[in-house]
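A quick write-up on the structure given underneath.
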Amino acid sequence: MDSYSLVMSVDGPLVLVGVFLTWHLTRLVERNRLGKEKLSGLILAGGLITAFGFTGYLAGFNLGVLVIIGPAIIAYALSMSGLVGAKLEMLVQIGLMVLSIPISEDPKTYTILMFSDVSLLLLMDAVAFYSNSPKKPASMARLSAWLLVAFTVVNAIYYRSLPALLLYTASVSLWITALLLSCPSAKVLNSAQEGL
């Protein structure tokens, strides 16, 4: 197993932890802001569909369409919940990721990778842009999203390179840290709301 595959096999489970933590945070934020869970299950479904589609595609199955459906479900859930709207920063990030497709050596495979990264980006930006997000975790989540954009571009130019690996690992690690810092704050807000 080469170093790229080894690092990605460690980062893969971390991403799944991030998907579950983002779903949990979304549930807490929905309860606090909306008084009920509305669409947080779609966040989880979109993340898992993307992961399943990406893993299946890498294993040789024709599941690339799932990698496109997953981010669409996440974007729908975030926009329909009213908790996170489309921000110019998000659109610029996604635009940079899409623009990296033509510079990759294998645009078909890279398109699947890019859509998988868009799914992650939306989850990272959700943490960054939820209302009442604590400032430090929100800033960390924004930085993790930009590191993911940098990974996508660098990986298009220097596929499977050490700088790309470092950017991806830093991005995912920072996102998980932001989530771990955000969840207790959301629980406190939710408990305070219930106590009123």
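Position 1 is the first residue of the sequence; numbering continues from there.
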Q. How long is the span from the CD atom in E105 to the OH atom in Y158, to the nearest 0.5 Å?
A. 11.0 Å
Q: Could you pull out the closest heavy-atom pair between I74 and S119, with the gap in Å?
A: CD1-OG, 3.0 Å
(Q) Could you see if L99 belongs to whatever hydrophobic cluster contains F115? Use Ile, Leu, Val, Met, Phe, Trp, Tyr and a side-chain cutoff under 4.5 Å. (A) no
Q) Is a side-chain N or O of N155 found less than 3.5 angstrom from the main chain of S161, in a donor-acceptor match? A) no
Q | Derivation and outcome, side-chain contact (heavy atoms from CB on, under 4.5 Å), residues D125 and K87 | A | CA-CA 9 Å; D125 278 340; K87 306 267 188 226; over 6 Å; no
Q: Using the side-chain contact (heavy atoms from CB on, under 4.5 Å) rule, take L16 and L48 through it: C-alpha gap first, then chi angles, then the decisive distance, then the call.
A: CA-CA 8 Å; L16 286 177; L48 293 177; 4.1 Å; yes
Q) Has the side chain of T169 got a donor or acceptor atom that lies under 3.5 Å from a matching backbone atom of L166? A) no
Q) When rounded to the nearest 0.5 angstrom, what distance separates CG in L174 from OG in S139? A) 10.0 Å
Q: Return the minimal non-hydrogen interatomic distance between M124 and A141, and the atom names on each side.
A: O-CB, 3.6 Å
Q: Could you grab the distance from atom CZ of R142 to atom CD of Q93, nearest 0.5 Å is fine?
A: 8.5 Å
Q | Single-linkage hydrophobic cluster F20~L14, side-chain heavy atoms < 4.5 angstrom | A | yes
Q. Same cluster or not: are L148 and L162 linked, directly or through other Ile, Leu, Val, Met, Phe, Trp or Tyr residues, by side-chain heavy atoms under 4.5 angstrom apart?
A. no
Q: Would you check if F54 and V15 make a side-chain contact, meaning some heavy-atom pair closer than 4.5 Å?
A: no
Q. What closest approach, in Å, do S40 and T26 show between heavy atoms, and which atom pair accounts for it?
A. CB-CG2, 3.7 Å
Q: Could you list who else is in L42's hydrophobic cluster, with ILVMFWY side chains joined at under 4.5 Å, directly or through other members?
A: L39, I49, F52, F61, L63, V65, L66, I69, I73, Y76, M80
**Q.** Straight-line distance of I176 CD1 to M140 CE, nearest 0.5 Å
**A.** 11.0 Å
Q: Please report the closest heavy-atom contact between G70 and T50, naming both atoms and the distance.
A: CA-OG1, 3.1 Å
Q | Sidechain-backbone polar pair: S104 side chain, I101 backbone, donor-acceptor under 3.5 Å | A | yes
Q. Do P71 and L122 come within less than 4.5 Å of each other through their side chains, counting heavy atoms only?
A. yes
Q.
Once rounded to the nearest 0.5 Å, what's the spacing between atom OG of S171 and atom CG of L143?
A. 8.0 Å
**Q.** Exercise: identify the closest heavy-atom pair between L25 and C183
**A.** CB-SG, 4.0 Å
**Q.** Working for side-chain hydrogen bond (donor to acceptor under 3.5 Å, both in side chains), residues Y57 and S116
**A.** CA-CA 11 Å; Y57 181 81; S116 175; over 6 Å; no
Q.
Would you say I94 ends up clustered with L88 if hydrophobic residues are merged whenever their side chains have heavy atoms under 4.5 Å apart, either directly or through other cluster members?
A. yes
Q: Calculate, to the nearest 0.5 Å, the distance between atoms CZ and CG belonging to R160 and L165 respectively.
A: 8.5 Å
Q: Answer yes or no for R27 and W23: cation-pi contact, defined as NZ/CZ to six-membered ring centre under 6.0 Å and angle to ring axis within 45°.
A: yes
Q: Would you mind reporting whether V154 and Y159 have side-chain heavy atoms less than 4.5 Å apart?
A: no
**Q.** Validation row: L147, W175 side chains within 4.5 angstrom (heavy atoms)
**A.** no
Q) Does the side chain of I103 come within less than 4.5 Å of Y110's, by heavy atoms? A) no
Q | Heavy-atom check, side chain of E89 versus side chain of F129, under 4.5 Å | A | yes
Q: Output, in order, the C-alpha distance, side-chain angles, deciding distance and verdict of side-chain contact (heavy atoms from CB on, under 4.5 Å) for Y168 and L120.
A: CA-CA 11 Å; Y168 187 79; L120 270 182; 3.6 Å; yes
Q | Residue pair M114 / V98, side-chain heavy-atom distance below 4.5 Å | A | yes
Q. Taking all atoms of both residues into account, what is the closest heavy-atom pair of L96 and V153, and its distance?
A. O-CG2, 4.1 Å
